[in-house]
Amino acid sequence: MKSLKEIASNQKKDRLFLLVIAVFIGVMIVTQSYLIVRVIDDIFLRQKSFQDVLPLLGGLLFIMLLRTFFNYVKSKRGIRMATRVKRDFRKELLTHFTSKPVHLSQQGQTGHKVSIMMDAVDEVDNYFSSYIPQVMVTTFVPILILIVVMTQHINSGLIMLITAPFIPIFMMIIGMKTKAKSEEQMEKLAAFSGRFLDTLQGLTTLKLFGQAKKQKETIKQSSLGFRDATMEILKVAFTSSFMLEVVMMLSIGIVALELAIQLIIYQSISFFTAFFILLLVPEFFTALKELGTTFHNGRTSMGAAQNIIDELANKDESVQWGEKSLDDESFTMSLSGVDFSYGEGTFTLADIHAKFPSNGQVAIVGRSGSGKSTLLQLIAGLLRPTKGEITINSVSLHEYAEKDWYNRLAYITQHPYIFSGTIAENIAIGTLKESTLKEVKQAAEEAGLHKMIQSLEKGYDTQVGEAGRGLSGGEKQRLALARAFLKQPSIILFDEPTTGLDIKTEQILQESMKKLTENSMVITVAHRLHTIKNADLILFLDKGRLIASGTHEKLMESSLEYKVMVSVQKGGREL
Amino acid sequence: MKDLAFVTRLVALEKRDILYSILFGFIAGISAVGLFAASGYLISKSAFAPPLYALIILTSTVKLLGFTRAMSKYAERYFSHRATFTILSNVRVAFFEKLEPLAPGIFQKYRSGDLLARIVGDVESLQNFFIRVFYPPIVLIMVFLSTVLFTTFFSVYISIIILVGLILTTFLVPALFSLRQAKIDSAIRQERGKLSTEVTEFLHGYRDLKIYQRLGEKGNKVEATANQYLSKQETESIHKIRNQSINAFIALFITWTVLVIGALLVVNGQLEGIFLAMLLMISITAFEDVGPMGVFPIYLQETRTASSRLVDVVNEEVKYEELDDLKLTDAPTIKIDKITFAFSGEWRNAIQDVSMDLPTGSKTAIVGPSGSGKSTLLLLILKMIEAEKGNVMFNDKSINQLSEESIWKECNVVLQENHFFFGTIRDNLQLAGEHLTDEELADVLSKVNLDDFQLDDPVLEKGDNLSGGEKQRLAIARAILKQGKLWLLDEPTSSVDALTEKFIFENLYQEAKEDTLVLVSHRLGSLEKMDQIIVMDQGKIVESGTFDELIAAKGYFYQMKEIEKGLL
């Protein structure tokens with residue numbers, strides 16, 4: 001991904017268009033001044049009749065209309081550009097997020113990503129809708145005016161040429177000073193500005209301790225502190241504007257004085273020329289001044305764009321899938337020497353070997369942080385081993401078509417996501433096939449949800465969502481089970497919930513597992529002894545390594561660590 | 001304008017800065033007009049080769065006006081910004097004053113985490129009110145009226161034209177613009193909300209979507225929503241520039257009319273030709289500042305929305321009932337009688353017909369699966385939320401007759417989320433009482449096994465530099481310091497390891513020996529010492545009794561215990 005500047009320079013057609021418009025606007029400005037001066041000159045000095053100047057006045061009105069029109073077209077083009085760029089950015093971000101391996105999408109930065117997708121993209125707007133068009137106009141217009149003035153009266157042109165550079169110089173000096181100053185004040189500002197939110201967030205605590213009323217003073221003090229710190233920075237900025245205006249005024253003043261002297265003492269120029277120049281000079285400086293203001297806007301956008309670009313640059317290799325179709329009735333899965341690492345110096349799984357029997361029940365156990373969930377995601381094909389291979393019927397997993405694999409797979413996470421929509425829709429999302437309401441109901445029945453859904457006023461049409469508002473943890477878990485029942489997959493991956501389930505859900509979980517294993521291979525990250533004891537194969541992980549595998553009985557005999565872990569259970573702990 | 005009453009009142013507090021802003025704004029505006037008028041006159045005058053001294057006086061005037069303009073512009077900026085930030089401070093304080101009596105009930109009501117962020121955002125956007133909505137039109141109108149007055153000395157017709165221009169560009173066009181802006185604004189907000197939901201779902205539900213192979217479908221939906229949002233934004237931008245263009249053209253047209261009428265008057269001898277250039281310059285300059293009026297409605301709409309949203313938050317039924325204070329000399333007896341409660345917007349009661357007795361000095365545990373209503377029950381006892389049906393009695397006094405503040409004063413509370421403020425450990429502990437000495441504070445830290453904390457250690461906002469377990473222990477320490485007679489603890493040690501939990505609980509029971517205590521827990525260990533255990537499921541009590549009774553009954557609690565035993 002390129003920087004904003006590069007994106008802008010790629011929009012060649014738009015830039016050319018804007019340049020042409022800028023030329024038009026420049027010509028309009030000059031012509032407008034010319035016509036005004038002609039009219040006044042004719043009336044005031046040449047004593048012409050009103051009829052004589054009528055065509056000039058008509059022309060002037062037309063020019064004014066054109067000037068407004070071209071300005072409108074310019075801005076509109078900028079807005080169009082901004083819309084296009086924003087659309088492209090969002091699209092690119094979406095593709096970027098879509099192709100990212102799954103683990104990164106879980107690293108708690110969802111809030112940050114949402115803000116990039118929403119706010120950062122919106123902030124780019126200014127760059128294209130106002131900065132770029134303005135830059136085109138403000139770079140061209142002053143040059144044109146300068147040339148015109150030069151042709152009319154060289155001295156005025158020279159005065160402008162000498163004084164104009166002071167504007168960017170001042171801007172730069174002030175800009176540097178503001179930067180140093182604001183860095184100095186940054187910490188102060190951050191502390192002050194966060195205080196209000198901090199107090200609001202802690203209001204419950206404050207009230208419980210009867211301290212809320214006193215906070216008024218704190219808020220006031222920090223707000224005033226914020227004001228004073230900000231004013232320090234702003235004063236510098238205001239001084240810069242002040243200097244700018246002084247330069248402008250001085251310059252216009254000198255030009256005017258020089259013109260007057262030429263006009264009176266040397267009588268070397270006409271009233272027409274003098275007035276014409278006097279009208280043009282302010283336009284010249286206004287354009288330069290506007291460039292400064294726009295530049296400031298552009299900077300904010302560039303910062304936002306940099307965030308987007310950084311996010312896009314944060315490339316991870318996406319998981320590639322093959323073409324091979326997977327239609328075997330039953331299948332076996334094996335892991336041979338599987339390694340995985342999230343990146344240099346981070347967590348790793350190393351050298352995992354295992355062979356899963358078809359329709360078997362596999363339990364992955366280990367302490368928290370031992371790599372259980374990572375292994376489950378590798379098996380799901382969401383991640384790709386950095387070394388070694390996972391094979392299905394002796395063919396590497398990622399040689400199969402992605403569609404075929406996920407058609408056969410269900411994955412029940414600890415916190416199943418509930419999308420906004422009806423309950424029926426949320427169950428039906430489990431399969432790509434069109435499912436009838438009858439099938440949905442059947443699945444809900446099997447997951448022990450039917451009765452509860454029936455008791456709702458709107459039944460299966462009840463709206464849920466905003467991450468499953470209104471559903472308890474147990475109900476969400478059962479809804480995920482219903483999705484699996486509807487799908488009838490060949491392989492089920494299950495991240496068993498650790499705590500907090502109601503008895504009914506617990507019972508349903510056990511029954512459902514029994515039912516589901518009849519026709520599927522079930523691989524569970526297990527927290528329940530019950531599940532573990534029923535497993536045909538247990539993989540016991542410790543610090544990313546497979547330290548033992550086998551059945552419960554076998555492991556109880558062969559692995560001391562396993563025995564210790566199973567006997568010192570969380571629930572068995574007594575005070 | 002009723003929405004803006006709240007903020008207008010707060011703006012009016014800063015009379016001095018407002019006055020200065022307007023004064024210097026006016027001087028800056030009028031000197032700009034004067035400057036250009038003088039230079040127009042200067043150049044016309046020069047055409048007649050006047051004496052040099054006249055010329056010098058004129059050019060000095062021009063210079064002086066220029067300098068005055070720059071100076072007063074600086075002053076205007078300085079005072080207006082200072083006023084803006086002082087007003088921001090006023091708004092914060094005033095809003096806090098209004099919000100404070102409503103908290104924390106109001107947070108329960110909204111239940112969405114972004115309420116606070118929205119409040120802060122809205123308060124921030126009110127700072128635009130003064131600087132972009134309130135005073136610039138006043139300055140603009142003053143400058144214009146002075147200009148109009150000045151031009152009447154030369155030509156009444158021209159002054160009327162300028163007056164018409166003023167009305168058109170500062171009132172009529174912006175007002176018309178305002179009307180549509182309100183509609184577009186709400187449409188954009190709606191689309192933005194939709195997109196935000198879609199994006200959040202896409203990212204949060206990513207793994208599920210991937211496995212259900214709905215990623216592409218959802219992605220398309222996100223894109224479609226994004227494009228709708230974009231097209232609404234584009235409509236707004238184009239609407240904006242169209243109005244700005246219309247306003248700009250009207251301004252140019254007025255200048256043109258001034259020229260036409262001026263020319264006619266000169267030709268007919270009703271106006272001296274020497275003034276024509278000057279009047280034209282006046283018109284051009286006066287209308288130069290009209291441009292910003294084009295965006296005035298946007299800020300007006302923005303601040304209006306922000307203001308009315310803020311007022312909505314704090315305007316909710318503030319009840320000014322005379323309530324008694326809860327005064328406890330001993331541990332209270334609490335009777336809960338058939339209470340029912342539902343969170344707004346949810347289709348099911350969080351608490352359904354719950355009754356229980358908490359005798360004086362008793363220790364009660366409430367257990368049950370997540371979402372069974374345990375925490376809600378605590379909130380009801382605290383009067384942070386109020387039951388729709390049923391009653392809570394403190395020593396035979398209904399909670400409805402007691403003030404919330406007095407209940408909180410008597411309670412040692414640890415909630416699931418405990419807030420810690422930017423400052424030091426000492427600051428955060430001293431919330432429980434400013435008179436507490438360092439020894440007392442250090443002593444309580446050791447009771448929660450936080451001996452290695454120094455009182456001067458820094459705490460970041462929300463306690464971000466503390467781990468979950470540390471925050472819980474610090475919250476317990478703070479509660480111990482409060483020395484109330486009623487303890488309400490909501491999973492106070494869920495992030496603390498078993499050994500430390502045991503240590504803390506022993507100290508806690510020692511502290512609470514004589515007091516009434518309610519402990520919400522989803523862990524079932526360490527409940528043997530409790531006088532009663534209440535088991536909840538789906539907002540109802542399913543059974544209650546002592547630990548031994550419940551185990552013997554082999555009911556819900558027993559089964560929960562069995563499952564917990566089977567957990568690794």
Side-chain angles (χ1 to χ4, degrees), chain A residues 40 43-44 50 61 64 68 72 75 79 83 90 94 102 105 110 113-114 117 196-198 200 202-205 208-209 211-212 219-220 223-224 227 238 242 245-246 249 253 256-257 260 263-264 271 274-275 406 411 417 429 470 472-473 500 502-503 506 527-530 570-573 575, chain B residues 39 43 46-47 49 59 63 66 70 74 77 81 85 89 92-93 96 100 103-104 116 120 199-200 203 205-208 211-213 219 226 230 234 237 241 245 248-249 252 256 263 266-267 273 276-277 346 369-371 408-409 413 419 431 461 498 502 525-526 559 563-568:
Chain A
I40 291 180
I43 295 285
F44 168 47
F50 190 65
L61 189 63
M64 284 172 165
T68 319
Y72 174 74
S75 303
I79 291 167
T83 303
R90 286 224 172 85
L94 205 59
V102 102
S105 320
T110 318
K113 284 182 186 159
V114 173
M117 194 79 170
F196 184 50
L197 184 60
D198 194 29
L200 287 189
L203 204 47
T204 306
T205 303
L208 286 174
F209 284 93
Q211 303 274 339
I219 289 176
K220 191 170 177 184
S223 300
L224 292 181
R227 176 193 72 184
F238 295 161
F242 172 71
E245 299 224 356
V246 170
M249 288 300 164
L257 185 65
L263 201 57
I264 300 162
F271 168 78
F275 193 27
Y406 286 124
Y411 191 145
Y417 197 80
I429 203 172
S472 75
D502 52 292
I503 303 289
E506 287 285 354
H527 299 288
R528 281 158 184 69
L529 205 54
H530 172 85
K570 248 200 237 164
R573 183 191 62 222
L575 288 184
Chain B
S39 58
I43 215 76
S46 309
T59 43
K63 289 266 168 56
Y74 178 92
R77 286 191 180 120
H81 280 82
F85 289 115
S89 159
R92 283 174 171 173
V93 172
F96 182 76
E100 190 264 339
L116 289 177
V120 173
V199 170
T200 312
L203 291 170
Y206 182 82
R207 183 163 55 179
D208 292 28
I211 286 167
Y212 302 136
Q213 303 183 59
L230 273 183
E234 197 177 278
S237 304
I241 58 148
S245 300
F249 182 69
L252 285 174
W256 182 79
V266 172
V267 170
L276 189 57
E346 301 217 338
S370 62
W408 300 334
K409 209 172 144 199
V413 184
H419 193 83
L431 273 182
E461 273 153 40
K502 191 181 165 179
S526 72
Q559 288 179 52
I563 290 166
E564 197 181 80
K565 267 189 203 161
L567 279 175
L568 288 190

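Atoms considered below: every heavy atom in the structure, side chains included; atoms not considered: hydrogens, waters and symmetry mates. A, B, ... follow the sequence lines: proteins, then strands. Residue 1 opens every chain.
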Measure A:Phe271 against the heavy atoms of chain B and call it side chain, backbone, both or neither at under 4.5 Å.
side chain
For chain A, which of B:Pro369, B:Gly66, B:Ser39 has the most heavy-atom pairs under 4.5 Å?
B:Pro369
So among A:Leu208, A:Leu203, A:Asp198, which one has a side chain to side chain contact (heavy atoms under 4.5 Å, CB included) with B:His419?
A:Asp198
Classify the ring geometry between A:Phe238 and B:His81 as parallel (under 30°), tilted (30 to 60°) or perpendicular (over 60°).
tilted
Between A:Tyr417 and B:Tyr206, is the gap from one ring center to the other below 6.0 Å?
no
Chain B contact via A:Arg528 - which portion, at a heavy-atom distance below 4.5 Å
both
Roughly how far, to the nearest 0.5 Å, is the CD atom of B:Glu100 from the CG atom of A:Leu200?
11.0 Å
Check whether A:Arg90 reaches the backbone of A:Met117 with its side chain - one donor and one acceptor, N or O, closer than 3.5 Å.
yes
Part of B:Thr59 within contact of chain A (heavy atom distance under 4.5 Å)
side chain
Atom group of A:Thr205 that falls short of 4.5 Å from chain B, counting heavy atoms:
side chain
What residue in B:Ala248, B:Ala226, B:Ala277 has the most heavy-atom pairs under 4.5 Å with chain A?
B:Ala277
What pair of heavy atoms forms the shortest contact from A:Ile264 to B:Ser46, and how long is it?
CG1-O, 3.6 Å
Which heavy atom of A:Val246 sits nearest to which heavy atom of B:Ala70, and what is that distance?
CG2-CB, 4.0 Å
Please classify the contact between B:Val93 and chain A as side chain, backbone, both or neither, with a heavy-atom cut-off of under 4.5 Å.
both
Heaviest contributor of heavy-atom pairs below 4.5 Å to chain B, chosen from A:Ala260, A:Gly473, A:Ala256, is A:Ala260
Is B:Phe96 in contact with chain A via its backbone, its side chain, both, or neither, using a 4.5 Å heavy-atom distance?
side chain
B:Leu252, part contacting chain A, at a heavy-atom distance under 4.5 Å
both
If every non-hydrogen atom of B:Gly219 is compared with every non-hydrogen atom of A:Leu94, which pair is closest and at what distance?
O-CD2, 3.2 Å
Interchain contact, A:Met64 with chain B, by part (heavy-atom threshold 4.5 Å)
both
Return the option, out of A:Leu257, A:Ile429, A:Ile219, with the maximum number of heavy-atom pairs under 4.5 Å with chain B.
A:Ile429
Quick check: closest heavy atoms across B:Ser237 and A:Ile79, and the distance to 0.1 Å?
CB-CD1, 3.4 Å
Looking at chain A, which one of B:Thr200, B:Leu431, B:Ile563 has the largest number of heavy-atom pairs inside 4.5 Å, strictly under?
B:Leu431
